[in-house]
Amino acid sequence: MLQAFLAASRTHLYHHTLEHPMFEKSGLLESEKDRDDLRAALVAAQESAAVQILLECCLPNEKDKKSKGLLTNLREIQSLICSHLHQVFISEPSLAKLVHFQTYSSELLPVVVSSVPSLHICLDFLPELLSQADLDKQVT
């Protein structure tokens, strides 16, 4: 469902920018390239926000922390989300970079590393990530 909504949003934004050019009193406000760049930035922000929300859903609550065993509701949710993230990161590697520079809870590192096979693409920007001044950004 999420993939369908994000695809519909991308399509809507594309058609909206075609149908509604931005004008200023003195003429055209933005070049076509600027509009495409802004649209791409908005799409990337929406998609990274969706990934961040999904990652937060993988965090255990108090009930989950008390549950023992391998087959729990949380584990099933994590599996579904990590499978989705794998597909998303394969189709849009720049999104993986954006999400990791935005950071997420370090508690999720074991889950994400073990369950998202496409995470190896992070090796491409690992030196850049580790050069961040903020230690929290280096960890996640």
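The first residue in the sequence is number 1, and the count goes up from there.
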Are the side chain of [X] and the backbone of [Y] linked by a donor-acceptor contact shorter than 3.5 Å?
| X | Y | value |
| --- | --- | --- |
| S9 | F5 | no |
| T103 | H100 | no |
| H86 | S118 | yes |
| S114 | P110 | yes |

Using 0.5 Å steps for rounding, measure from the [atom1] atom of [X] to the [atom2] atom of [Y].
| X | Y | atom1 | atom2 | value |
| --- | --- | --- | --- | --- |
| L98 | Q52 | CG | CD | 8.0 Å |
| L129 | F101 | CG | CZ | 5.0 Å |
| L54 | L2 | CG | CG | 5.5 Å |
| E19 | H12 | CD | NE2 | 8.5 Å |
| E128 | C122 | CD | SG | 12.0 Å |

Is there a side-chain contact between [X] and [Y], using heavy atoms and a 4.5 Å cut-off?
| X | Y | value |
| --- | --- | --- |
| S83 | L80 | no |
| Q46 | R10 | no |
| H16 | R39 | no |
| L85 | L55 | yes |
| V43 | Y14 | no |

May I ask you to check whether over 12 heavy atoms, not counting those of N61, lie within 6.0 Å of atom CG? yes

Connected via hydrophobic side-chain network under 4.5 Å: [X] and [Y]:
| X | Y | result |
| --- | --- | --- |
| V88 | V111 | no |
| I53 | Y104 | no |
| I121 | L108 | yes |
| I77 | L109 | yes |
| L59 | L74 | no |

Minimum heavy-atom separation for C57 to I81, with atom names?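 Closest approach of C57 to I81: CB-CD1, 3.8 Å.
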
If I compare all heavy atoms of L6 with all of E47, which pair ends up nearest, and what's the gap?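 So the minimum-distance heavy-atom pair works out to CD1-CG, 4.1 Å.
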
Does the side chain of S115 pick up a donor-acceptor pair with the side chain of Q78 at under 3.5 Å?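 No donor-acceptor contact under 3.5 Å links the two side chains.
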
